[in-house]
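Since the structure comes first, as structure tokens, the remarks are kept for the end.
Numbered from 1 within each chain, the chains take letters A, B, ... in sequence-line order.
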Amino acid sequence: MDFLEGLNEPQRKAVQHIDGPLMIIAGAGSGKTRVLTYRTAYLIQHGVDPFSILLLTFTNKAAGEMRHRIESVIGSQAKNIWMGTFHSIFAKILRFEGERLGYTSNFSIYDTDDSKSLIRALIKEQNLDDKVYKVNLVLNRISNAKNRLIGPEQYLGSSVLEHEDRLAKIPMMGQLYKSYCARCFQANAMDFDDLLFQTNILFRDHLDVLNKYQHKFKHVMVDEFQDTNVSQYLITKKLAAVNQNICVVGDDAQSIYAFRGADIQNILNFERDYADLTTIKLEENYRSTKAIVAVANSIISRNKSQLKKDVFTSNEEGDQIEIIRASSDNEEGRLIASTIFETRQKEVGFTWADFAILYRTNAQSRSFEESLRRLNIKYRIVGGLSFYQRKEIKDVLAYLRFVVNQNDEEAFKRIINLPKRGIGDTTIAKIAVTAAENQMSIWDVVSNINQFQGNRGSAPIEQFADLIKSFKLMVEIEQKDAYEVASHVAKASGLVRELYEDKTVEGLARYQNMQELLNAIKQFVDSEENEDKSLGTFLQSVSLLTNADTNEDPNDRDKVTLMTVHSAKGLEFKHVFLVGLEEDLFPSQMMLQSQADLEEERRLFYVAITRAEKKLMISYAESRYQFGRLKSCEPSRFLNELDSTYLKMAKVQGKKDTSAFRPVQKTGFVEKSTAGSASAAQLIQKPKQNTNYQHVPSADFKQTAPENLQEGQRVEHQKFGFGLIKKLEINGAERKAHIQFEKGVGEKVLLLSFAKLMVVE
DNA sequence: GGTCGTATATTTTTT
DNA sequence: ATATACGACC
């Protein structure tokens, strides 16, 4: 048991706890993964069968890494552990057991785009106003209901929900939910939430199935427990009910997925559900310097709902945290890119991979990409449009999905006229009507089109049906593996040819992406880990990939990382740049509805800070492009909340950012104007006045020296308008003004080194 | 049915 | 800036 040696006391206790419920509260950088790895290894060394261990992680990548690390301790047995995300593990179980619920093992998994497209269709069919019934809103309501285990029947029966929907002026919400579920079922498809929702139904209504898995999984472990939703928690609780060997690991201070249904109460109230719970706190941070830990603690201490923790470190003091002010998002990009360049030059031992730029929204990556490219710094972007969300990839996948499951309505809509074969909306609508009239599925109609329609216009449909039938033959009769089918489908459908003939730069990239997809399928088939090489299995695994999961060329890893704070969870970097610290951006304006929302944003800020090992720089811009226009920004309130003894204002580089103020260039001509992109004519038209964002010339508003201010004075603020200074607080570098504003914003505390004010005479 | 031009809305994070 | 929707026209 030599691996126990390097552990501290609470870590060792956690590893050696075998029987009974266990909760590990693991502060940032406290060696959580290590504990989880060793504990699993320890269990196996003490005779627990790896097949009976269920380890639920947050991403597939985390599962893969954990498996790798366990393997290095105990060898090949690690392969047998049930390890993966909630979604992938229970998709697998539903594949086996789904028949109990009326699904076949080939059910499709609808991604968010599919769900949205279905909802859009339903809104249209039911003649609802799509300005009122916004797709995102409807999907959110449905998703929330599913995550709280409220099915459509229950939804319709709930007077509370009915009241809510009436107030929100969407009284048909319940009906929409019901028809959405019906259509998904008809399509033999589950959306992301269904994978958990239906698992709950399965375990609720089929006790023999539940029993089987309860006895199968003797030990259930959940990583990132703070980010589980009610649905996930209930599944775990049920599975662990017999053996009571449930071990949850998490940090309430890092709960950042409430928008997806994660319920921080799961971890805060875990003790209530298990009377004989052992709780172990890992509070020593091995990752970051004292300065970083102190700043992080100063932030998180402001949150009310949290478990008591005392995170400390024995690491060195480290450098101060630098706050960088930039005049625009472009300057922010340049400042940070050049800092990265200089640091790498000056200091020993830094590689590109030691730097990370973290932002709140994916859209912020643009200015950094440009600046990094200009300095020839290699970078990679995690997230954004992932590979599997690209159009050309989704097209092929839609074909494959339809070959496996002909009820898949969304896949059908995507491919029926792709490549163009002269089947328009009218024809498709006719088919749908015919199907409904004869109580048949769409495929039944399509595959026997001659029975329903005269010769007129049916030829292309017949061709399409024959094509699909030939693909089906390959899968069902000839039992070809995923790669053989996919490469044939790509060619025979004409998708490859269409891309090949497109000689533009984008066309070439799309062609390469398609090849890349085929490579990925080949890898899947060739990999020894996958026993089942069928198309159906491949499709399921693909639809559950997260954007952190994309594999990289291991020889080419030395790159600066750009990603959102959300996707940085669980990672660490020597040098972190946390950018875009502006009010309404971080914390996000969209997010802030309640105190709880603010606390979640603060936890997000905490997560970002604690990714840094040695150095942390935080930046904000005074103006930023949004929808093509320049908008002025305020520094984030979070900057005021940082422990100022560890802060240092970095000097702004002198030059004003002129490029940001450059007027829109008029385009004289355009080679080819395509539908869907802004046309030349639109560019030539005078720019529309957008009253929301007007750039106020900063010359009028200045950072006012504290000496020139006094309590009771009236000031005008660049954004909040007129206000009265209630109180001035000047403690060394920390200079704050409490200002009561006259408009709706109320009282705000502004940091004087940031705020731009005009003194009103 | 397909293509193009124009109006309009968009504002977060992700399995 | 860019995605989408819709109407005019071929």
Between [atom2] on [N] and [atom1] on [X], what's the gap in Å once rounded to a whole number?
{"X": "A:Arg602", "N": "B:dT13", "atom1": "CZ", "atom2": "C1'", "answer": "18 Å"}
{"X": "A:Leu137", "N": "B:dT12", "atom1": "CG", "atom2": "P", "answer": "14 Å"}
{"X": "A:Asp113", "N": "B:dT14", "atom1": "CG", "atom2": "P", "answer": "14 Å"}
{"X": "A:Ile235", "N": "B:dT15", "atom1": "CD1", "atom2": "P", "answer": "17 Å"}
{"X": "A:Asn140", "N": "B:dT14", "atom1": "CG", "atom2": "P", "answer": "14 Å"}
{"X": "A:Leu196", "N": "B:dT15", "atom1": "CG", "atom2": "P", "answer": "13 Å"}
{"X": "A:Glu601", "N": "B:dT13", "atom1": "CD", "atom2": "C1'", "answer": "8 Å"}
{"X": "A:Gln589", "N": "B:dT12", "atom1": "CD", "atom2": "P", "answer": "10 Å"}

Heavy atoms only, 4.0 Å cut-off, all strands: where does [X] land among base, sugar-phosphate and nothing?
{"X": "A:Thr112", "result": "base"}
{"X": "A:Tyr257", "result": "sugar-phosphate"}
{"X": "A:Lys391", "result": "nothing"}

A:Ser588 vs A:Asp193, nearer the 5' end of DNA chain B by closest nucleotide: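 This one resolves to A:Ser588.
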
Nearest-nucleotide comparison on DNA chain B, the residue closer to the 5′ end among A:Asn417 and A:His87: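 The residue mapped nearer the 5' terminus is A:Asn417.
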
Compute whether any side-chain donor of one residue and acceptor of the other, for [X] and [Y], lie under 3.5 angstrom apart.
{"X": "A:Ser367", "Y": "A:Glu370", "answer": "no"}
{"X": "A:Gln226", "Y": "A:Asp251", "answer": "no"}
{"X": "A:Ser117", "Y": "A:Tyr110", "answer": "no"}

Side-chain N or O of [X] versus OP1/OP2 of [N]: is the shortest distance under 4.0 Å?
{"X": "A:Thr564", "N": "B:dT14", "answer": "yes"}
{"X": "A:Asn362", "N": "B:dT12", "answer": "no"}
{"X": "A:Lys569", "N": "B:dT13", "answer": "no"}

A:Arg360 (side chain) and B:dT13 (base): donor-acceptor pair under 3.5 Å: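 A donor-acceptor contact between them is present.
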
Geometric class of the A:Tyr103/A:Phe107 ring pair [parallel <30°, tilted 30-60°, perpendicular >60°]: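 Judged by the thresholds at 30° and 60°, the geometry between A:Phe107 and A:Tyr103 is perpendicular.
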
Selection from B:dT13, B:dT11, B:dT10 that lies nearest to any side-chain heavy atom of A:Asn136: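 Comparing B:dT13, B:dT11, B:dT10 against the side chain of A:Asn136, the answer is B:dT11.
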
Pi stacking test for A:Phe259 and B:dT14: under 5.5 Å apart, planes under 30°: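 According to the criterion (under 5.5 Å, under 30°), no, A:Phe259 does not stack.
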
Ring centers of A:Tyr379, A:Phe368 separated by less than 6.0 Å: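 Centroid distance A:Tyr379-A:Phe368: not below 6.0 Å, so no.
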
Whole-angstrom distance between C:dT4 and B:dT13, as gauged at atom P: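 Rounded to whole Å, the distance is 16 Å.
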
